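We use all heavy atoms of the structure for the numbers below, so side chains are in, but hydrogens, waters and symmetry mates are not. What you see is a predicted model; the values in this text were computed from it and never measured.
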Amino acid sequence: QVQLVESGGGLVQPGGSLRLSCLASGNIFSINAVEWYRQAPGKLREWVAAMTSGGASNYADSVKGRFAISRDNAQNTVYLQMNSLKPEDTGVYYCKEDIRLSVGGRKQTYWGQGTQVTVSS
């Protein structure tokens with residue numbers, strides 16, 4: 001019933017910016033921690049950014065200072081603002097959210113389908 005849908009990916013020049021969105025829908029009581037991952041061809045999926053339910057954020061060293069994670073709880077949407085993009089930022093970006101479906105219920109982890117980001121001249 002819960003689905004995460006990502007959008008906002010595309011082709012951008014080095015130094016450019018993109019804003020990714022992840023919309024969660026379904027039977028959602030609350031969303032706890034949210035994270036962004038990315039995966040380049042032939043590489044393992046790597047963690048990019050995270051935000052706790054309290055709003056504290058953390059970033060991989062490779063994107064620190066360039067990326068910013070944010071969330072709109074009312075809209076069940078998580079964002080990843082990506083600035084000063086580099087070719088090495090190319091990959092499929094995925095959102096991951098820990099979601100509680102009911103009061104007192106256990107949290108489940110959900111993944112988006114991914115959105116392609118290509119940074120190239």
Side-chain angles (χ1 to χ4, degrees):
Q1 186 174 355
V2 174
Q3 184 179 26
L4 306 184
V5 179
E6 299 181 342
S7 61
L11 176 64
V12 65
Q13 303 236 28
S17 298
L18 284 174
R19 185 177 177 87
L20 306 183
S21 300
C22 176
L23 173 65
S25 61
N27 184 27
I28 299 171
F29 175 75
S30 64
I31 301 175
N32 191 224
V34 298
E35 295 181 290
W36 286 93
Y37 288 75
R38 68 186 181 189
Q39 188 168 25
K43 296 180 63 178
L44 297 174
R45 190 170 299 183
E46 65 174 340
W47 173 79
V48 173
M51 177 172 281
T52 69
S53 59
S57 60
N58 198 6
Y59 302 91
D61 289 341
S62 59
V63 306
K64 190 174 183 179
R66 301 186 297 117
F67 290 12
I69 187 172
S70 61
R71 62 195 296 179
D72 184 341
N73 291 329
Q75 298 295 323
N76 286 339
T77 303
V78 181
Y79 302 96
L80 184 67
Q81 178 67 47
M82 306 186 296
N83 300 321
S84 302
L85 284 163
K86 306 174 180 179
E88 50 263 44
D89 294 320
T90 294
V92 179
Y93 283 69
Y94 302 87
C95 60
K96 180 173 77 75
E97 303 184 3
D98 295 332
I99 297 175
R100 179 178 289 174
L101 303 183
S102 64
V103 177
R106 65 185 180 91
K107 291 180 289 186
Q108 287 287 127
T109 298
Y110 297 89
W111 289 84
Q113 83 287 355
T115 184
Q116 176 71 44
V117 172
T118 303
V119 185
S120 176
S121 299

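The closest side-chain donor-acceptor pair between N32 and S53 falls under 3.5 angstrom.
The two residues A68 and Y59 have their closest heavy-atom pair at CA-OH, 3.2 Å. Contact between L80 and A49 at its shortest, heavy atoms only, is CD1-CB, 4.2 Å. When all heavy atoms of I28 and A24 are compared, the closest pair comes out as CD1-CB, 3.7 Å. Residues T109 and K96 share a closest heavy-atom pair of CG2-CG, 3.4 Å. Nearest approach of S17 to N83, heavy atoms of both residues: OG-OD1, 2.9 Å.
Between Y94 and W111, the ring planes lie perpendicular to each other; the angle is over 60°, past the 30° to 60° tilted range.
With hydrophobic clusters built from ILVMFWY side chains whose heavy atoms lie under 4.5 angstrom apart, M82 shares a cluster with M51. V92 and V48 end up in different hydrophobic clusters when Ile, Leu, Val, Met, Phe, Trp and Tyr side chains are linked at under 4.5 Å. Put simply, L18 and V119 are part of the same group of oily side chains (I, L, V, M, F, W, Y) that touch within less than 4.5 Å, one to the next. Under a hydrophobic-cluster definition in which Ile, Leu, Val, Met, Phe, Trp and Tyr are linked whenever side-chain heavy atoms come within less than 4.5 Å, directly or via other members, V2 and V34 are assigned to the same cluster.
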Run N76 and S25 through side chain to side chain contact (heavy atoms under 4.5 Å, CB included) and show every step you take. CA-CA 7 Å; N76 286 339; S25 61; over 6 Å; no
Are Q116 and T90 close enough, and set up right, to give a side chain to side chain contact (heavy atoms under 4.5 Å, CB included), and what steps lead you there? CA-CA 8 Å; Q116 176 71 44; T90 294; 4.0 Å; yes
Trace of the side chain to side chain contact (heavy atoms under 4.5 Å, CB included) decision for R38 with D89: CA-CA 8 Å; R38 68 186 181 189; D89 294 320; 2.9 Å; yes
Begin with the C-alpha distance, continue with both residues' side-chain angles, and end with the deciding distance and a verdict on side chain to side chain contact (heavy atoms under 4.5 Å, CB included) for F67 and L85. CA-CA 9 Å; F67 290 12; L85 284 163; 3.8 Å; yes
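Proximity of E97 to C22: side-chain heavy atoms (C-beta onward) are separated by under 4.5 Å at one or more points. Contact annotation: the side chain of N73 never approaches that of I31 to less than 4.5 Å [non-hydrogen atoms, C-beta and beyond]. In this structure, V78 and W36 have side chains that are in contact, with non-hydrogen atoms separated by less than 4.5 Å. Inter-residue side-chain proximity for L23 and Q75 is flagged as unmet; no heavy-atom pair is nearer than 4.5 Å. Contact annotation: the side chain of L101 never approaches that of Q1 to less than 4.5 Å [non-hydrogen atoms, C-beta and beyond].
Distance check, rounded to the nearest 0.5 Å: CD of Q81 to CD1 of I69 gives 12.5 Å. The line from CD1 of I99 to OG of S30 is 9.0 Å long, rounded to the nearest 0.5 Å.
With T115 contributing its side chain and Y93 its backbone, the two residues share no donor-acceptor pair below 3.5 Å. R100 places no side-chain N or O within 3.5 Å of a backbone atom of F29 that could act as its donor or acceptor partner.
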